[in-house]
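Got a structure for you, written out below as C-alpha cells; questions coming shortly.
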Amino acid sequence: MSAMLRALAVGCVVAVAGAQTQSAGYNNGAYGYCSVAAGGSTHRVYRAYATVRGGYYNFIYGYGATIGGGMYNTDGGSWSTVSGGWYNHAFAPHSTIAGGHWNWIYSYAATIGGGMYNSAYGSWSTVGGGWYVKSMSTWSAIGGGWSSNAYSQSQFIGGGYASYSYRWYGTIGGGHNHYVYGYAGTVSGGYANSV
C-alpha cells in the first residue's frame with residue numbers, strides 16, 4: 001500500500017503516531033496531520049493533508065498542497081500543486097506550477113506551465129511557459145515567449161517577446177515590441193506596433 005494510502009487509511013482515521021507518514025527517502029519530515037513525505041531527501045511538510053512525493057529539499061506550508069518532485073520547491077497555497085522543476089514557488093490557493101524553474105504564483109487558481117522566471121499575479125491567470133513572462137491581472141493569459149507582460153484584466157498574449165498589454169481585453173498574437181494601450185486593442189503580430 002502506498003504511503004499516502006497508509007496515511008489516509010491508518011494514520012488519519014486512527015491517529016497512529018501523530019498521523020504523519022514518512023516512507024523511504026532520507027531526512028524527511030512530515031509534521032502536519034495526515035501529511036506525507038514519501039521519498040527523496042530533506043523535505044518538510046508542515047500542514048495537514050499535504051504530500052511530497054519525491055525530489056530534494058521541497059517544502060510545503062499549504063493545507064492539502066502537493067509537490068510531485070524536483071528540487072527546492074515551495075508550496076504555500078492551500079490545495080495547490082507544484083509538479084516538479086527547480087525553485088518554483090506557489091503561494092496561492094488552488095494554484096499550479098507544472099515545472100520549469102524560478103516560477104512564482106501569488107494569486108488564486110493561477111497556473112504556470114513551465115519555463116523560467118515567470119510569474120502570475122492575477123487570479124485565474126495563466127502563463128504557458130517562456131522566460132521572464134508576467135501575467136499581472138485577473139483572467140489574463142500568456143502562451144509563452146520572452147519578457148512579455150499582461151497588466152490588465154482578460155488579456156491574451158500568444159507569444160513573441162517584449163510585448164506589453166495595458167488595457168482590458170487587449171490581445172497580442174505574437175511578434176515583438178508591441179504595446180496595447182486601448183480598450184480591447186489587438187495586435188496580430190509583426191514588429192513594434194501599438195494600438
- Is there a donor-acceptor contact under 3.5 Å from the side chain of H178 to the main chain of N193?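 Such a contact is found between H178 side chain and N193 backbone.
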Distance (rounded to the nearest 0.5 Å) between M136 CE and S119 OG: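 Here the interatomic distance stands at 6.5 Å.
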Does one hydrophobic cluster hold both W168 and Y164, with members joined at side-chain heavy-atom distances below 4.5 Å?
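Unlinked, W168 and Y164 end up in two clusters.
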(request) Compare every heavy atom of S107 with every heavy atom of S95, then report the nearest pair and how far apart it is. (result)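 Scanning both residues completely, I find the closest heavy atoms to be CB-O, 4.2 Å.
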Aromatic rings Y33 and Y49: how do their planes relate, parallel, tilted or perpendicular, breaks at 30° and 60°?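 Correct class here is perpendicular.
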Item to complete: Consider only side-chain N and O atoms of D75 and S80, and report whether a donor and an acceptor are under 3.5 Å apart.
Response: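 Per modelled atom types, D75 and S80 side chains form a pair under 3.5 Å.
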Indicate the atoms forming the closest heavy-atom contact of A90 with V82, along with that distance.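 Minimum heavy-atom separation between A90 and V82: CB-CG2, 3.9 Å.
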Check whether any side-chain N or O of S140 sits under 3.5 Å from a backbone N or O of S152 as a donor-acceptor pair, and report yes or no.
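Yes.
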- When hydrophobic residues are tied together by side-chain contacts of less than 4.5 Å, even through go-betweens, does V45 share a cluster with Y31?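 In one cluster: no.
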What heavy-atom pair brings N88 and I97 nearest, and what distance separates the two atoms?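 Closest pair (atom of N88, atom of I97, distance): CG-CG2, 3.7 Å.
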Measuring centre to centre across the rings, with the benzene-like ring taken for any Trp, is H43 within less than 6.0 Å of Y56?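 Judged by ring-centre distance (under 6.0 Å), H43 and Y56 do not meet the cut-off.
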| said: With rounding to the nearest 0.5 angstrom, report the OG to CZ distance, S35 to R44. | reply: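 The OG atom of S35 sits 11.5 Å away from the CZ atom of R44.
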Quick one: do Y151 and Y117 end up in the same hydrophobic cluster if we chain Ile, Leu, Val, Met, Phe, Trp and Tyr together by side-chain heavy atoms under 4.5 Å apart?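 In one cluster with Y151: Y117, yes.
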Taking the inter-plane angle between the rings of H89 and W102 on a 0 to 90° scale, is it parallel (under 30°), tilted (30 to 60°) or perpendicular (over 60°)?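 H89 vs W102 ring planes: tilted.
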(message) Are there over 12 heavy-atom neighbours, none belonging to W131, within less than 6.0 Å of that residue's CH2?
(response)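 At most 12 heavy atoms, drawn from other residues, nucleotides or ligands, come within 6.0 Å of this atom.
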request  = Calculate, to the nearest 0.5 Å, the distance between atoms OG1 and CD belonging to T138 and Q155 respectively.
outcome  =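 Going from OG1 on T138 over to CD on Q155, the span is 10.5 Å.
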- Parallel, tilted or perpendicular, as decided by the 30° and 60° cut-offs, for the rings of Y181 and Y166: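 The rings of Y166 and Y181 lie parallel, inter-plane angle below 30°.
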Q. Are there more than 12 heavy atoms of other residues, nucleotides or ligands under 6.0 Å from atom OH of Y132?
A.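 Atom OH in Y132 is not crowded, with 12 or fewer foreign heavy atoms closer than 6.0 Å.
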Separation of W124 CH2 from T126 OG1 (nearest 0.5 Å) =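 The OG1 atom of T126 sits 12.0 Å away from the CH2 atom of W124.
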Can you tell me how the ring of W104 sits relative to the ring of F91, calling it parallel under 30°, perpendicular over 60° and tilted otherwise?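 W104 vs F91 ring planes: tilted.
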T42, T74, N73 screened by side-chain hydrogen bond (donor to acceptor under 3.5 Å, both in side chains) with N58, the one that passes =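 Of the listed residues T42, T74, N73, the side-chain hydrogen bond (donor to acceptor under 3.5 Å, both in side chains) partner of N58 is N73.
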(request) Could you tell me how the ring of Y106 sits relative to the ring of Y121: parallel (under 30°), tilted (30 to 60°) or perpendicular (over 60°)? (result)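 Taking Y121 first and then Y106, their aromatic rings lie parallel (interplane angle under 30°).
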- Task: Give a yes or no on whether Y61 atom OH has more than 12 heavy-atom contacts from other residues, nucleotides or ligands under 6.0 Å away.
- Result: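 Counting other residues, nucleotides and ligands, OH of Y61 exceeds 12 neighbours.
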Let me confirm one number: the CD1-OG distance from I105 to S125, rounded to the nearest 0.5 Å.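 The CD1 atom of I105 sits 7.5 Å away from the OG atom of S125.
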Note to self: Please identify which of these residues, V36, I67, N28, meets the side-chain contact (heavy atoms from CB on, under 4.5 Å) condition with V52.
What the structure shows: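 Considering V36, I67, N28, a side-chain contact (heavy atoms from CB on, under 4.5 Å) with V52 is found only for I67.
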ask   = Closest approach of S163 and I172, non-hydrogen atoms and distance?
value =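 Taking S163 first and I172 second, the nearest heavy atoms are CB-CD1, 3.8 Å.
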- Message: Same cluster or not: I112 versus Y108, using hydrophobic residues (I, L, V, M, F, W, Y) connected whenever any side-chain heavy atoms lie under 4.5 Å apart?
- Response: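 In one cluster: no.
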* Asked: What are the two closest heavy atoms between A98 and S83, and how far apart are they?
  ->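 Closest heavy-atom pair between A98 and S83: O-CB, 3.2 Å.
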I'd like to know if the side chain of N27 reaches the main chain of S41, judged simply by a donor and an acceptor atom lying under 3.5 Å from each other, with no hydrogens or angles considered.
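Flag not set: sc N27 to bb S41 has no pair under 3.5 Å.
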(message) Can you give me the closest heavy-atom contact between N118 and G130, atom names plus distance?
(response)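 For N118 and G130, the tightest heavy-atom pair comes out as ND2-O, 2.9 Å.
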Gap between atom CG of N149 and atom CD1 of I157 - 0.5 Å precision
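Going from CD1 on I157 over to CG on N149, the span is 7.0 Å.
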Please say yes or no: joined through hydrophobic side-chain contacts below 4.5 Å, possibly via intermediate residues, are Y179 and W146 part of one cluster?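 They do share one cluster, since a chain of ILVMFWY contacts under 4.5 Å joins Y179 to W146.
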Notebook entry, point to check: For M71 and Y57, what are the C-alpha separation, side-chain angles and deciding distance, and is it a side-chain contact (heavy atoms from CB on, under 4.5 Å)?
Noted result: CA-CA 6 Å; M71 299 190 303; Y57 264 99; 5.9 Å; no
Can Y87 and H101 be said to form a ring-ring contact (aromatic ring centres under 6.0 Å, His included), step by step?
CA-CA 5 Å; Y87 294 100; H101 71 271; 8.0 Å; no
